[in-house]
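Worksheet: the structure to be examined is printed underneath.
As the structure is a prediction and not an experimental result, all values here were calculated from the model. In what follows, every chain begins at residue 1, and chains take the letters A, B, ... in the order their sequences are listed.
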2 protein chains.
Amino acid sequence: MDVDTRLLRYFAAVAEEGHLTRAAERLYVSQPALTKQIRQLEKQLGVQLFVRTPGGMRLTEAGRALADRVPAVLDGLAEALRRTRQAARRAEQVVRAGFLAGAAGEATQAIIAAFGRRRPGWRVEMRHASWSAPTADLVAGDVDVALLPLPLPGQEELRVEVLLTEPRWVVMAEAHPLAVREELAFRELWDEPFVAAPAEAGAWRDYWLATEGREGREPRIGAVADNPDDWLSAVANGYGIALAPASAARYYARPGVAYRPLTGVAPNSVAVVWKPAADADPVVRDFVGCCLEYRQQPSS
Amino acid sequence: MDVDTRLLRYFAAVAEEGHLTRAAERLYVSQPALTKQIRQLEKQLGVQLFVRTPGGMRLTEAGRALADRVPAVLDGLAEALRRTRQAARRAEQVVRAGFLAGAAGEATQAIIAAFGRRRPGWRVEMRHASWSAPTADLVAGDVDVALLPLPLPGQEELRVEVLLTEPRWVVMAEAHPLAVREELAFRELWDEPFVAAPAEAGAWRDYWLATEGREGREPRIGAVADNPDDWLSAVANGYGIALAPASAARYYARPGVAYRPLTGVAPNSVAVVWKPAADADPVVRDFVGCCLEYRQQPSS
DNA sequence: CACGTCCATGCCGCCAGGTTATGAGGACAG
DNA sequence: CTGTCCTCATAACCTGGCGGCATGGACGTG
């Protein structure tokens, strides 16, 4: 009497959606496959979990009892697997660090080099953070530490040490009329279409649209992108302009796009971020130490 | 990235045993199957969980991290499934009651009848408790309430209300020399071989061997049985004699065996037992109520 | 009454887990 | 050194079950 976790995921999805059909597409399986699996789960348990109606699947009492507990079980499993992977990284002397685009710019190499000197034999594994949820991997425990631009969602729950602060510039197609100018003021851009992060990005999206500096005016969205390549392509193709850290001019230079200094928006900070739970981890401390060291001598 | 619970059970078994071969037989699968599964788990996680030595499988750091958490996850799952089944029983108006052999004797029918009157529409599902672990189903939540002879292992953690008390008799082969006697004293039986419960039964086994009344003498074991049928057969075949509640003379009468009253051993009590967690359950309360009602009018 | 939206069923291809038989390597005794 | 016993790994084969497609059937709606 072994219930596959796949069955549990399936069940949870159907319970949540209330529809076999919709759950099926969310799970990327066909509806008949789901039908069969749910029936099998019911048969294995000897319990009816749903009442089938022409309008969907409604949980029975027993079904509700199960649905109430399954998420915790699945979470517990995921947590166990994460811990396992983390232990494996320690044993193999690997630190996994998250980076968002070129946020830390030239600091990145310097920090990794310094860490290599402080912990010979250890390796830094770089991982790209998702643009729309930059701290997700960190919170989930998939990375030990991350170099990310501020502000971050859920920042209060994390340890944050600012590494460097640089002005936000504007990036636009070279052919853009404003590209002829050497420097721009943000208010000149209020009515320009912007290439923005997806709506799920929330505060992150707002920050790079600089909604706080628009005195209430709604930004115009010319395109949506959720990774640097798409983002830069959209800019190059003239779908809109965008804000970017000054260092992007070096790290994301590309024919057809132009970066220009900008006044009237607050500068952007990049920070090293880790979980309070990792405070005691000597390896994380060393990595953070290397970051802070860099902060004191940004010229090195 | 779905880890089957079967894999987790396999892993836990290997981690515990420290040997692929032994774990395989405990799990009733072949050793190559286990080998493959464990390797697959390692591959799925991208983590080495064991170091293979010619002497067995030793957990790595990562393996230990996983082994520390897997049992809790599996328990959580089992608990969720139990709750689900229990909810289903409630919805179908079924009470599942455990019985050990004919412990409650004629009380059983009377109680079930009384419960049927108090809760029309409800059904009592009878389930045989295991002889060697009488409270296992109760503790695990597979039965709601049980009628069991005392003493019980883990009795302190349970609600126990004594229903009836009856003397312990002796049962032996009809051909046994002592069977000619009308009544026996326990000390006459000290050197007789006994048919006993398996060693796992612990205190239960000792109780029915009446070790407390032997003044330190070791009982002789003539045969081991873990269910009433084997037990009675062993007695009939002369492998040994045994103690039994007086009512067994009626409920387990069989050609070839003779029951005789016995002096010099404490009488046996039968109780209704339930989990403290079920105190608030109105159905369990009603069932217990019917039991206690019977206690007050054992003649009815 | 026709249509849309559900879920259920039948059939088929394929993968994954299981089994048996066999190999390979270290530990230990003689 | 060698035979034996223990361990885990590998190979070849079989089968059950999952998943996909196409279709059927039930209920509600315009």
task = Check the distance between C:dC15's P and B:Lys43's NZ and give it to me in whole angstrom.
result = 14 Å
message = Using whole Å, what does the distance between atom P of nucleotide C:dC7 and atom CZ of A:Arg58 come to?
response = 13 Å
request  = Verify the contact: side-chain N or O of A:Thr53 to OP1 or OP2 of D:dC27, cut-off strictly under 4.0 Å; return yes or no.
outcome  = no
key: Sugar-phosphate, base or nothing in reach of A:Tyr10, heavy atoms under 4.0 Å   = sugar-phosphate
remark   = Side-chain contact check for A:Leu20: nearest option of C:dT20, D:dG20, C:dA8 is C:dA8
inquiry  = From CZ of A:Arg6 over to P of C:dG17, roughly how many Å is that when rounded to an integer?
reply    = 10 Å
ask   = Does any donor-acceptor pair link the side chain of B:Gln40 with the base of C:dA16 at a separation under 3.5 Å?
value = no
message = It should be established whether A:Thr21 places a side-chain nitrogen or oxygen under 4.0 Å from OP1 or OP2 of nucleotide C:dC7.
response = yes
request  = Determine the minimum heavy-atom distance between B:Leu209 and B:Ala196, stating which atoms define it.
outcome  = CD2-CB, 3.9 Å
ask   = Does A:Arg52 have a side-chain nitrogen or oxygen under 4.0 Å from the phosphate oxygens OP1 or OP2 of C:dC6?
value = no
task = Report yes if at least one side-chain N or O of A:Arg22 is closer than 4.0 Å to OP1 or OP2 of C:dC6; otherwise report no.
result = yes
query = Whole-Å distance between D:dG17 P and A:Leu41 CG?
reply = 15 Å
ask   = Of the nucleotides D:dA11, C:dC7, D:dG20, which has the atom closest to the A:Gln31 side chain?
value = C:dC7
task = Just do the salt bridge (Lys or Arg N to Asp or Glu O under 4.0 Å) check on B:Arg96 and B:Glu125 with the steps written out, would you?
result = CA-CA 5 Å; B:Arg96 190 172 283 175; B:Glu125 214 173 276; 2.9 Å; yes
message = With salt bridge (Lys or Arg N to Asp or Glu O under 4.0 Å) as the criterion, how do B:Asp144 and B:Arg89 come out once you've worked through the C-alpha distance, each side chain's angles and the decisive distance to 0.1 Å?
response = CA-CA 10 Å; B:Asp144 303 303; B:Arg89 288 203 297 275; 3.0 Å; yes
inquiry  = If the cut-off is 4.0 Å, is B:Thr35 near the phosphate of D:dA9, judged by side-chain N/O to OP1 or OP2?
reply    = yes
task = Starting from P on D:dC18, measure out to CG on A:Asp2 and report it in whole angstrom.
result = 13 Å
Whole-Å gap separating P (D:dC6) and CD (B:Glu17) = 16 Å
query = For D:dC8, does either OP1 or OP2 sit under 4.0 Å from a side-chain N or O belonging to B:Arg39?
reply = no
task = Output yes when at least one side-chain N/O atom of B:Gln37 is less than 4.0 Å from OP1 or OP2 of C:dG18, else no.
result = yes
remark   = Heavy-atom nearest pair, B:Leu34 first then B:Leu20, reads CD1-O, 3.5 Å
ask   = Are a donor atom and an acceptor atom from the side chains of A:Glu25 and A:Thr21 found within less than 3.5 Å of each other?
value = no
query = Between D:dT7 atom C1' and B:Leu34 atom CG, what is the distance in whole Å?
reply = 14 Å
query = Quick one: A:Ile38 CD1 to C:dA8 P, roughly how many Å, whole number?
reply = 10 Å
Let me have the donor-acceptor pairs involving side chains of residues 275-287 of chain B, under 3.5 Å, with sequence neighbours excluded, atom names and distances please.
residue, atom, partner, partner atom, Å
B:Lys275, NZ, B:Val139, O, 3.0
B:Asp279, OD1, B:Arg159, NE, 3.3
B:Asp279, OD1, B:Trp274, NE1, 2.9
B:Asp279, OD2, B:Arg159, NE, 2.8
B:Asp279, OD2, B:Arg159, NH2, 2.7
B:Asp281, OD1, B:Val283, N, 2.8
B:Asp281, OD1, B:Val284, N, 3.4
B:Asp281, OD2, B:Arg90, NE, 3.1
B:Asp281, OD2, B:Arg90, NH2, 2.7
B:Arg285, NH1, B:Asp279, O, 3.1
B:Asp286, OD2, B:Arg119, NE, 2.7
B:Asp286, OD2, B:Arg119, NH2, 3.2

ask   = In terms of the nearest nucleotide of DNA chain C, which residue is placed more toward the 5' end: B:Ala33 or A:Pro32?
value = A:Pro32
query = Below 3.5 Å, does any donor atom in the side chain of B:Lys36 face an acceptor in the base of C:dG18, or the other way round?
reply = yes
